[in-house]
Amino acid sequence: MSSYNWIDHTYDVVVVGAGGSGLRAALGAAQAGLRTACITKVFPTRSHTVAAQGGIAASLGNMSEDSWQWHMYDTVKGSDWLGDQDAIEYLVRNAPAAVYELEHWGMPFSRTEEGKIYQRAFGGMTRNFGEGPVQRTCAAADRTGHAMLHTLYGQCVREETEFFIEYFALDLIMDEDGVCRGVTAWKLDDGTLHRFRAQKTILATGGYGRAYFSCTSAHTCTGDGNAMVLRAGLPLQDMEFVQFHPTGIYGSGCLITEGARGEGGYVTNSEGERFMERYAPSAKDLASRDVVSRAMTMEIREGRGVGPEKDHIYLHLNHLSPETLHERLPGISETAKIFAGVDVTKEPIPVLPTVHYNMGGIPTNFHGEVLTKKGGDPDAVVPGLMAVGEAACVSVHGANRLGSNSLIDLVVFGRAAGLRCGATTEAGARQPELPKSATDAHIARLDKMRNAAGDQPVAKLRLEMQRAMQSNCAVFRTGSVLKEGVDAIEDVYKKLPGIDVKDRGMIWNTDLVEALEFENLICQAAVTVNSAANREESRGAHAREDFSNRDDEKWMKHTLAWCDTAGKVTLDYRPVHDYTLSNEIEYIKPKARVY
């Protein structure tokens, strides 16, 4: 171990991840006068937020009347009543200001004739508490995430946030009292190891879509922060809720935005039928994502799929004018051409539901402070540790996220975390020294993986995990199929001691990076499939065929899951917050969720 040496850094705030939420949190901390570092394994504008297409939800009312109360109702309903209503109120009330802030920083939104921010219809977004679709989703053509990420990165540079680019985060530095003191990282281009000491560590590491075989996520989406939290002995929340996006391109999984349906696109089966009218009579193609994904899967199961194998569905945009497609959906027109060989002005796009978003993650309150269950307290704050974005579970999305609520989640709660750091952190305050022993376990884990010489290649184990998750923890679930998944993931864990890493170097060792990312993914796969097998009801994205109804009496609660190094999962629960933030809106009581 003596061959490894730490390079030490001290900051007030360290943010891990440079996507939308990480940049917004870093920006807020820097604006508060705190010395802020942002660690990222890819260049900031390559973070996966860059791939977000359709838009960012806020009740601006630019296209028709709208209100935050309507947005709140839709979000609660979308969450299938598993969302915390205090956090949801915080989100929707702060949404318009967060969008105007982006606009004032120069984000190039699409515009209406009057020069206002253009808003499009999106699934589950309605007027007057569910009466009919409303145009609430603010868009920059179909490249909204790209525009947002570049805007935020520019502002961070302006505020002199210090970036540590192409650093791979290893583990959290936790002291004996359970306080987070910072994070360790490996610098990929020169092989050096770094310890970042900080008063506040903010995890903004995104989702873990790559635990599945077919997903819309980049290969970097391995949920590194979630895994660091599990290794620190802390729980993850609601990991059974995995969203499938209805329209991933058949074969490649590349995303076709919901904005395509917001602009008037629709799906058909082999008989040319617009079948969504049968499943969601009022919302039709603009029902929420879990509803459309299940409808498509049912059509394929019942033999009405398209193509030689009858195993996918058609998405039609060819009835829209080429001018509309060029102005509103230029990116996906290009994507369809490259990945499906389709000219969207003339023919439909072959699509299939594909893993897209993780509703679960690191439990936090609406300030972004990480929570755990301690003694009898289900809302105990973990000192020094925060989480935002898809890595976090606030929980505003509950059992199912509405499209375009993710980008607003990033900026509203990224801002909230920055404000919380400003309110609770003294700039330049003294911090306790880090003993060398505090990070010995980090080096031991890295060294063990670097020198692993077994008979199990990383790619083989990763594929086994991804196939098990795709087959056994998908759009429709049953107890027996989930049990198979639990066993399959256990079998992968048993092979972990035999993992094989060929490259022993420390500089640009992609073999080792992939091994560490796989180690991060497998523990999340374990908590996901175990949590899903345990929840005996259907709610939002979690659809059990053997328990087809929602059971509020027994299951109106958040799942907490811990995972040890052997892959053993322990489960517990936290109550759902059944109260609002203010008295300006009452608690929205559960009812049947139909569109």
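Side chains are part of it too, since the values below use all heavy atoms of this structure and drop only hydrogens, waters and symmetry mates.
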May I ask you to test the [X]-[Y] pair for a side-chain heavy-atom distance under 4.5 Å?
X	Y	result
Gln456	Asp500	no
Asn400	Asp80	no
His245	Tyr357	no
Thr297	Pro353	yes
His9	Glu162	no
Leu170	Leu446	yes
Asp8	Arg197	no
Ile522	Ile489	yes

Between [X] and [Y], is any side-chain donor less than 3.5 angstrom from a side-chain acceptor?
X	Y	result
Tyr208	Asn520	no
His442	Thr184	yes
Asp290	Gln243	no
Ser47	Tyr153	no
Asp447	Tyr4	yes

Item to check | Steps toward ring-ring contact (aromatic ring centres under 6.0 Å, His included) verdict (Tyr167, His194) | outcome: CA-CA 9 Å; Tyr167 280 63; His194 298 254; 5.0 Å; yes
Next on the checklist: Can you list everything that forms a side-chain contact (heavy atoms from CB on, under 4.5 Å) with Thr559? Sequence neighbours excluded, please.
Outcome noted: Asp238, Glu240, Ser531, Arg535, Leu571, Tyr573
Checklist entry - More than 12 non-hydrogen atoms from neighbouring residues, nucleotides or ligands closer than 6.0 Å to NE2 on His146, yes or no? => result no
Item to check | Heavy atoms of other groups near Glu309 CD, more than 12 under 6.0 Å | outcome: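 No, not enclosed.
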Next on the checklist: Between the side chains of Lys483 and Asp487, is the shortest nitrogen-to-carboxylate-oxygen separation below 4.0 Å, so that they form an ion pair?
Outcome noted: yes
Next on the checklist: Which residue in the set Arg445, Arg462, Lys448 passes salt bridge (Lys or Arg N to Asp or Glu O under 4.0 Å) when paired with Glu519?
Outcome noted: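 Going through the options one by one, the only one that passes is Arg445.
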Checklist entry - For the residue pair Ile507 and Gly191, what are the closest heavy atoms and their distance? => result CG1-N, 3.9 Å
Item to check | With sequence neighbours excluded, residues passing side chain to side chain donor-acceptor pair (under 3.5 Å) with Lys557 | outcome: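 Lys557 satisfies side chain to side chain donor-acceptor pair (under 3.5 Å) with no residue once adjacent residues are dropped.
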Next on the checklist: Could you measure the distance from the NZ atom of Lys310 to the CD atom of Glu302? Nearest 0.5 Å is fine.
Outcome noted: 13.0 Å
Next on the checklist: Test: salt bridge (Lys or Arg N to Asp or Glu O under 4.0 Å). Region: residues 203-227. Which pairs qualify, not counting sequence neighbours?
Outcome noted: Lys41-Asp224
